[in-house]
Structure formats: structure tokens, C-alpha cells
Novice: 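First the structure, which I've put down as C-alpha cells, then a few questions once you've had a look.
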Amino acid sequence: MRNLNIVSLPLLVILVSQTPVFSWKKEEFRNCDQTPFCKRARSRNPGDCSLFADQVSISDGDLTAKLFSKNQSHDDPVNPLILSLSVYQDGIMRLKIDEDPTSNPPKTRFQVPDVVLPEFLSKKLHLQRLTTETIDGDAGPSSIVYLSDDFEAVLRHDPLEVYVRYKGSNSRILSLNSNGLFDFEQLRVKNEDEDWEERFRSHTDTRPYGPQSISFDVSFYDSDFVYGIPEHATSFALRPTRGPNVEEAEPYRLFNLDVFEYIHDSPFGLYGSIPFMISHGKSGKTSGFFWLNAAEMQIDVMGDGWNAESGISLPSKQKRIDTFWMSEAGIVDTFFFVGPTPKDVVRQYTSVTGLPSMPQLFATAYHQCRWNYRDEEDVEQVDAKFDEHDIPYDVLWLDIEHTVGKRYFTWDKDLFPHPEEMQKKLAAKGRHMVTIVDPHIKRDESFWLHKEATQKGYYVKDASGKDFDGWCWPGSSSYPDMLNPEIRTWWGDKFSYDNYVGSTPSLYIWNDMNEPSVFNGPEVTMPRDALHLGNVEHRELHNAYGYYFHMATADGLVKRENGRDRPFVLSRAFFAGSQRYGAVWTGDNSADWDQLRVSVPMILTLGLTGISFSGADVGGFFGNPDTELLVRWYQLGAYYPFFRAHAHHDTKRREPWLFGERNTELMKEAIHVRYMLLPYFYTLFREANATGIPVVRPLWMEFPSDEATFKNDEAFMVGNAIFVQGIYTERAKHASVYLPGKEYWYDMRTGTAVKGGITHKLEVSEESIPAFQRAGTIIPRKDRFRRSSTQMVNDPYTLVVALNSSQAAEGELYIDDGKSFKFLQGASIHRRFVFSKGQLTSVNMAPNSSGKSQFSSDCIIDRIILLGYVGGSKSASIEPANQKAEIEFGPLRLKGGKGPSVVTIRKPGVRISDDWTVKIL
């Protein structure tokens, strides 16, 4: 959150207290032409790379080589670069290129630590040998090494190129430098007549080490679209930024920024950066490319014909998409993922950067937030109003105004004099609280946290070596150096009950402004020449600062509970690996229909790049949504992985009961949908935690050969069973909805069967948005509504069996204690439900937990709903209990009033934890 446009320090002092609202100003941020490394890289032509590989060998299980330049001169010699190519299990290739340390560069280039999992490194395959072959037209050989049973990696010596291909063929999957755009600006000593400083607006970057950028082209073969590289408010399928039919387009920027009221449909970089791109095509095949680099990055997606006048002959005629990657600093540290399915690529990527953390159950429910709930009385009234209107919620949030002068870990004693009692009142209803803790620490000698950080030397330094002093919410602020593991541990300790006085076990944390935001800094962020541990410049790690802050906070909450309970931390900034530490949200959106629309591709992109637990502020952070927009946002947000309403303090209050009885009912119904589906969502979060496959998915992840899904980012899948499409326009009467696949889909509100594989013009009502259950799936639900998810734990389940054309279906249910890490020792229930040949069977999927932690549940299944059942039976037998249950028509949803009737097996009474079979007689 930010609403300051800082132009001078005196003005800042006024603005911090008055906080007026300004619109986003494009001129505050650099474009490519104003970013020297981007402008230089974009000026290069295909074939400009003069490097060739020599001294190729196998060393310590890697393929290694030295890269020499053909453009050597006695006056300005070019030092060789070192290339290493490593192979890992599951067909993952890692390519690193760095300066030769024997050439004595002025400093060691930064390599991003604590992102790649140690267990991934243990999966390295030690190469034993390489083979060579000569590609047509090349003067020299190419070196080939094993990648997997189906794939091999190729290093083309001259011209330099690295690619992955199918074994024994010339059919490629991914390549680097096929267009000869590779460039590596080596560190060197500045000449006396050189000026390395860069200026933007009123800021000067000293750039003491000079130009050090890297750029190269990456090609994706048999590809029609590329996706990924968040965070941008734009289409899911990335549009070309260079080419004959693209005019004055900016590259996709990856540079974590505090962007106030961002615009939609823009390649402009936002709060987080993940340099991971996925390609997909008509072949149904998927591949991925990841560059582990935390410096500013700019990425071009090339349109058809972009290199038509280059005159270079490419070695492959396969259809492909070319991309161009540019970074200000760092090294080449890249990963090639061969897929071949969409889920394979996501699984391969998360095997490198980590699986999404498993959230507590409460965190998957509904969150109520505002900047700011004023005081304890306000909190109590809001909480009571939810109960009065029979609207469930699980978490109430406090923004920066709850503190003493924006000093985090404190409570304003006038507004929140009894914080522990306040939290305990919520906890008595199974509810939780979240407070905000940002990285800027108020520079106040009477503030214990600042005093301690100063004494220990724990702050980021400015270019002169002094504690960096920037401006943020508290005024003059400094920032802990989160690159340093010692400082991260120190920060984590601040969440102990002794340090965070007034906190309780039901309190969790929100990390905002962790890009990091600096109101008077260049582009509202920390100067690039600020210094971290080991004299690493901020430019080298900027995009990972928020990641390390998120990590330290999450680790602190784990430590607070002595490792027993899972943390919940929401972060605005993110990087590769952030999925291991909690949730993220899409930042300071606005209350308009376009922002509702763009939230879907933003969340899809986050899921595709590892971050399953994400959402957008329901209703929009800025502005006042009209009632129809707010209702539609609740109806869509109920299917976001992270479901939170949030608003700026200058907006009108917008709790669900403030818009008239009818609209209150509509928003309550949307929230009820989420609570009804919590068992399904929780099962999906466990799937993400185990496999990396996101909770919310693009249609083509489930239907990879259906071309009609490739560009569709108005609709999405929740797991493999639920299709959702928002309503993105005012007063909509109809919606054009494409339902993929050949099977039927069942309307989740009426149970009506709708044919797949075609586009339907559906009537739209105010009551809901299009949502369908896929034929052939089984969804677990809980149909009784309580005040919070915690109070639903012992309630019975409903299974909704959506039968396909073979009268078959299957699905899963995962349960654990919803809180602790004991599930990692086997304390869980994991069932698979299979309906086939007229009987429904429950099978145990949990690994054998003998001798490990145990988890049990007495919950039963109260109803089994059969959608699409063609039989006329009146009863079913239950084994092994040797009992019978009635089959009759019953409501699809347990709600007052008239509703559709569906075939229902009533009160089978089987325990959710047991093996059983229900057979229709």
C-alpha cells in the first residue's frame, strides 16, 4: 500500500501525516530507453555474439568449457568465460556462465543464495562422458551429453549455442543463443576518462563497478504461446514486445516496485519477480526456462519475423517462439525444464525452488481487512456484525495504524489497550488476527528495535558505508540486511511472545512494502548502490530482498511455536522460492471492472510459477466499487486461493452488510460457497504442497491439447474438477463460456448438464457467476455453515459425484489437524473415492504411518449426491457395515427456499477415515 508521490523531504514530512491520494505517474519509473543496460542490449543484432567454446571436457561430473571471443585485440583483450553444464534427475539441465576467476575480475559476481533447494543439488547426475558430432555447416564439432532416457543436451562449439533435443533426433525443445544475441559485460577497472554514473530524475547511481549486464536469446520449440515471468497486470499469454507488427512496445520488466494504483494491460513490473517462463503449443507439449538472477531484468517476447532481415541461418526449421532476456548484473545461472506436460514442468521447477508451504486451514478461508480498523471497539463491532448477519469469516486484519507511530511490534495504547484480550475474544470463536510488520524500522533512538539493529550493525548500508536512511511510513527509516542469515535469525526472534508484547498464538503476520519501498528513493525503492553483506550491491539482489524478509518472518513464527505450528505470512514482494514461506497478493489494485478482469491472469501466472497461495484484494484497494462490481468480485474471489477483502482508508466502508439486504445476501452466498468448498480447497493445497501443481490452474493445464484454451484467461480451473468464469462487465445478461473437453459439465448451482467442447451463450443472473463441475470428478463439501472454519471441523461431509458418459467418477479428500507439521510424519487422512459400475468405494491413499504420528476423525458422510445418474434405484447397500441407505431426490445445496432436486444417497453414515463401499441396488 502506498499513496505518496514524494518530491522533497520537507513535503514528505507533511505527506506522511496527511496521506493524500495521487494517481500513478508513469514518469516516476524508468522505461527501457532510460535504462542503459536494456537500451544497449536491445541495440544488438542477431549474430553479434562472437564467442566460441573450447577446452570442452567432463570435470567433476559436469560438462565444462571456456568461451573465447573471436574479436580479440591487443589493446582491449577479452577474458574467457567459464561455462558449466550440469544434469539432474527428472531431465533438468542447469547452465552456468561466469567470469574466469583466474582473470582476477575486480569483484566476484553475485550468485543468489538460499533459493535452490539443497535436496535438489543432491539429485545431480555425474556425467561420465560426452560424444561429439558435426552439425551441417559447422566448422567444428558439437558436444552431446545424456540428460534423460528421452532427451540429451548439446553444446554447439562454434557458433556458440546450447540446446536440449529429443534423443537421437534433431527435434529441439529449448535453446540458448540460437540467434547469436548472447552478451556478457565483464567487470573491469574504470578508465580515467569514463563516467560510469547513471542519472534518473533527481537520483544518481554511482555504479562503482561499471557496466556488468548480461543478455541472451532463448527459443521455445513447437510452441504457440509463452506464459509466466510475473508480476505484470496483463494477459496470461504473453504478447510480443518486438517485431514487425509491434510498435514502441516495452519489454516485460522484472523489478520489484511499490507501484501505486497500477494500470492493467501493461508489461510494467510490479511488486514481485520470478524469471521463469513456460511455453505451450498445439502439440500439447510444454517446456520451461528459469534464470536464477535477482537483479533487474527485462524480457522481450519476439513476434514473427523479428529477425527476418538478419541474414543468419538458423539450425532448426521447427516452429518456435524467440525471447530475449536482459539483466543488469549477476551471472548466467539457468535451468531448462523439458516437461513434457504442463504439470511436469511445474513439478520440475518446484523441485528446484521448493514446494508451496501447506497453509493452516483457517488461512484458506475468508479474510476481512481494511486500512485500518480504528480501534478495539471497531474490531469488536465488525466481528459482531459478521455474526449478526450469519456471515462466516476466519481472520481480521490490522494495518499500520494499530502501532505507535508506525513502530512495528508495538500497539497504540489509546486505540488498542488490550491486544491480547482482543485476540482471545476472536480465538474463542475460532478466529484469528493478522497484524502488519514492514521492513522499514523507524530511526528513533528511543525505539528498542532501531537501537538494537544500530548497535549490532544490522542495517543495509549506503554507498558510503553508513546505515542507509530512507523515508517510509514512519518517516526516517532504515532496513535490516536480510541477505545476512544472522540478521534473518535475529529478525525471526522478534516474533517471540517476549519480544512482540501483546501477541498471542492466534496472531499472524503481513509483510507489506518489502520490495523494499523507499518513498524518496529512485523509483520509490532502495538505491542500487546500497550495500549488503559482503559488499554485495543492492542492484544485484534487489528482486530477492522481499523474499528474504518473507523467509525470516515465516521462520520466526515457526520458532515462536517451537516448530509445532505452520506459519501464516502474507507478502507483497516475492521471488522464486517465495512459495515456501506463505501467501502473496497482487498489491494495490483499484475498484474497477478491468482490475477484476486482470486479477485472473495475474493469479494464474503466479500459480504457474510456483506460488499457489495468491489472491487479489476483493473490491479493489483504491476507490469505491459500485455495488454490482463488489458483488461480482466476491463471487469470483470466493475461488481465489487467497480470499481477502481489503480497502484503502480513504474509501467508504464496505463490509458486506452495508449495501442493502439483497446485496448482503449475495455476498454472503459467495462467502458460503467458499466455506462449502473448503474440504476441496484444502485437499488441493495439499496437492500443491506435495507436487507443486497449483490450486488454481489455466484451462490448458487440464486440457493441454485443446487449442481453444491456450489464450483463455477469463476462465480457470480450481483443481481438476471445477471450472469458473467471472463476470467482468456491468449489467451483463449473458456470458460466452467455452467449456473444454468432450464430457459434460454440471452447473454447480442447478446441477444442469452442459455439453463440453463448445462455446455456450449462457444467461447470467446476479446470484452467481458461471461455475461447473467436470463430469468424472468427485468433490468433497461441508454444507453446514458456522462462524469460522475452525468450528466446522467435526461437521459431516457431502460428496458430489459428477458422472461422466461411462457413469464413472473419482476424486480425493485430504484431512489433517489443520494446524501443525505432524502431517509430515503421516498424521493425516487421505482418501480416494472411485465411482464405477454402480458403486462408490473409499480407498486409503495415505502412506503407511505405522510408528509415526497418527490422526483420526469421527466425521461421517451425510449425503452422496449423484449428478448424471441414469438409474432408478431406491436404495444402496453399505459394506462392510452391512447396512442400507435410501436413495431419493434431495436439494443440491442445503439452503432455505426452492432449489433443484438431485439424486441423493441419504445418511450413508460411513466414516471419512474408513474403507467402505456404497453399492446402488
Side-chain angles (χ1 to χ4, degrees), residues 224-225 236-237 280-286 341-343 600-601 604 607-608 635-636 639 673 677 680 684 687 693-728 732 734-765 768-781 799-812 833-836 865-871 892-893 900 902-903:
D224 293 290
F225 296 100
F236 183 48
H280 189 71
K282 297 174 184 175
S283 65
K285 300 294 179 61
T286 312
T341 71
K343 293 178 181 179
V600 172
L604 287 174
L608 204 59
Q635 290 169 344
L636 184 68
Y639 295 97
V673 166
L677 293 174
Y680 180 63
L684 293 175
E687 181 185 8
I693 297 169
V695 172
V696 164
R697 307 165 188 178
L699 301 182
W700 54 260
M701 181 169 277
E702 292 298 327
F703 301 91
S705 298
D706 190 335
E707 295 178 34
T709 67
F710 294 175
K711 289 183 69 175
N712 186 336
D713 56 11
E714 292 191 343
F716 55 89
M717 296 293 296
V718 181
N720 73 333
I722 296 178
F723 170 102
V724 177
Q725 181 166 313
I727 299 298
Y728 307 112
H734 297 87
S736 179
V737 176
Y738 175 76
L739 293 169
K742 298 178 181 180
E743 291 284 351
Y744 278 90
W745 296 79
Y746 297 92
D747 188 305
M748 291 186 65
R749 190 173 183 83
T750 67
T752 303
V754 181
K755 187 174 176 58
I758 59 175
T759 299
H760 299 269
K761 184 179 180 181
L762 301 178
E763 290 188 6
V764 172
S765 74
S768 65
I769 60 176
F772 296 86
Q773 182 174 346
R774 183 182 182 180
T777 65
I778 300 175
I779 291 176
R781 297 188 335 205
L799 296 182
V800 183
V801 181
L803 296 170
N804 61 17
S805 56
S806 301
Q807 291 285 284
E810 55 185 47
E812 295 181 18
F833 306 115
V834 179
F835 188 97
S836 179
I865 293 172
L866 302 176
L867 299 177
Y869 179 64
V870 296
L892 179 58
R893 301 270 295 277
V902 291
V903 177

Novice: Which of these, Ile865, Leu799, Val834, Val800, sits in a side-chain contact (heavy atoms from CB on, under 4.5 Å) with Ile778?
Specialist: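 Result for side-chain contact (heavy atoms from CB on, under 4.5 Å) with Ile778: Leu799.
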
Novice: Measure the CG-CZ distance between Leu699 and Arg697 for me, rounded to the nearest 0.5 Å.
Specialist: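 Going from the CG atom of Leu699 to the CZ atom of Arg697 covers 12.0 Å.
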
Novice: With side chain to side chain contact (heavy atoms under 4.5 Å, CB included) as the test, would you mind laying out the steps for Tyr639 and Leu677 before giving the verdict?
Specialist: CA-CA 9 Å; Tyr639 295 97; Leu677 293 174; 3.9 Å; yes

Novice: Among Thr709, Thr286, Thr341, exactly one meets side-chain hydrogen bond (donor to acceptor under 3.5 Å, both in side chains) together with His280. Which residue is that?
Specialist: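 The passing option is Thr286.
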
Novice: Give, for atom CZ of Phe703 and atom CG of Asn712, the distance between the pair rounded to the nearest 0.5 Å.
Specialist: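 Separation between the atoms: 12.0 Å.
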
Novice: How far apart are the C-alpha atoms of Phe835 and Leu803, what are their side-chain angles, what is the distance that settles it, and do they pass the side chain to side chain contact (heavy atoms under 4.5 Å, CB included) test?
Specialist: CA-CA 8 Å; Phe835 188 97; Leu803 296 170; 3.3 Å; yes

Novice: Identify the heavy atoms of Ala237 and Phe710 that sit nearest to each other, and give their distance.
Specialist: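 Between these two residues, the closest heavy atoms are CB-O, 4.3 Å.
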
Novice: So with a 6.0 Å cut-off around NZ of Lys343, is the heavy-atom count from everything else above 12?
Specialist: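 More than 12 heavy atoms, drawn from other residues, nucleotides or ligands, come within 6.0 Å of this atom.
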
Novice: So, taking the atom named CD1 in Ile758 and the one named NZ in Lys742, what distance separates them when rounded to the nearest 0.5 Å?
Specialist: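 Spacing of CD1 (Ile758) from NZ (Lys742) equals 14.5 Å.
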
Novice: Pair His760, His734 - check side chain to side chain contact (heavy atoms under 4.5 Å, CB included), show working.
Specialist: CA-CA 10 Å; His760 299 269; His734 297 87; over 6 Å; no

Novice: Quick check: closest heavy atoms across Met701 and Ile693, and the distance to 0.1 Å?
Specialist: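 Shortest heavy-atom separation between Met701 and Ile693 comes out as SD-CG2, 4.2 Å.
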
Novice: For the atom pair CG (Leu762) and CG (Asp747), what is the distance rounded to the nearest 0.5 Å?
Specialist: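 Result: 8.0 Å between the selected atoms.
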
Novice: Please evaluate residues Glu743 and Ser805 with respect to the criterion side-chain hydrogen bond (donor to acceptor under 3.5 Å, both in side chains), reporting the C-alpha separation (whole Å), side-chain torsions for both, the decisive distance (0.1 Å), and the verdict.
Specialist: CA-CA 7 Å; Glu743 291 284 351; Ser805 56; 2.9 Å; yes

Novice: Please report the C-alpha distance between Arg774 and Glu702 in whole Å, then the side-chain angles of each, then the deciding distance to 0.1 Å, and finally whether the side chain to side chain contact (heavy atoms under 4.5 Å, CB included) criterion is met.
Specialist: CA-CA 11 Å; Arg774 183 182 182 180; Glu702 292 298 327; 3.3 Å; yes

Novice: Would you name the heavy atoms of Ile727 and Ala735 that are closest together and state the gap between them?
Specialist: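 So the two residues come closest at CD1-CB, 3.9 Å.
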
Novice: Are the side chain of Ser283 and the backbone of Lys285 linked by a donor-acceptor contact shorter than 3.5 Å?
Specialist: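 Side chain of Ser283 to backbone of Lys285: a pair is present.
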
Novice: Is the backbone N or O of Pro740 less than 3.5 Å from a side-chain atom of Asp706, with the two atoms forming a donor-acceptor pair by type?
Specialist: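 No, Asp706 side chain to Pro740 backbone: no donor-acceptor pair under 3.5 Å.
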
Novice: Would you check if the side chain of Tyr728 reaches a backbone N or O of Glu714 as a donor-acceptor pair within less than 3.5 Å?
Specialist: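 Judged by distance alone, yes, a pair lies under 3.5 Å.
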
Novice: Does some side-chain heavy atom of Phe716 sit less than 4.5 Å from a side-chain heavy atom of Phe236?
Specialist: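 A side-chain contact is absent here, since even the closest heavy-atom pair is not under 4.5 Å.
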
Novice: Between CZ of Phe833 and CD of Glu810, what distance do you get to the nearest 0.5 Å?
Specialist: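 That separation rounds to 12.0 Å.
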
Novice: Side chains of Leu866 and Val902: closer than 4.5 Å at any heavy-atom pair?
Specialist: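 Answer no - side chains too far apart.
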
Novice: Over all heavy atoms of both residues, which pair between Tyr746 and Leu867 is shortest? Give the atoms and the distance, please.
Specialist: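 In this case the closest contact between Tyr746 and Leu867 is OH-O, 3.5 Å.
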
Novice: So which heavy atom on Asn804 is nearest to which on Ala775, and how close?
Specialist: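 Residues Asn804 and Ala775, closest heavy atoms: CA-CB, 3.8 Å.
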
Novice: Nearest 0.5 angstrom please: Ser836 OG to Gln807 CD, how far?
Specialist: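 If we round to the nearest 0.5 Å, Ser836:OG and Gln807:CD are 10.0 Å apart.
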
Novice: Between Gln725 and Ile769, what is the shortest heavy-atom contact and its length?
Specialist: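 Nearest pair, atom of Gln725 first, then Ile769: O-CB, 3.5 Å.
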
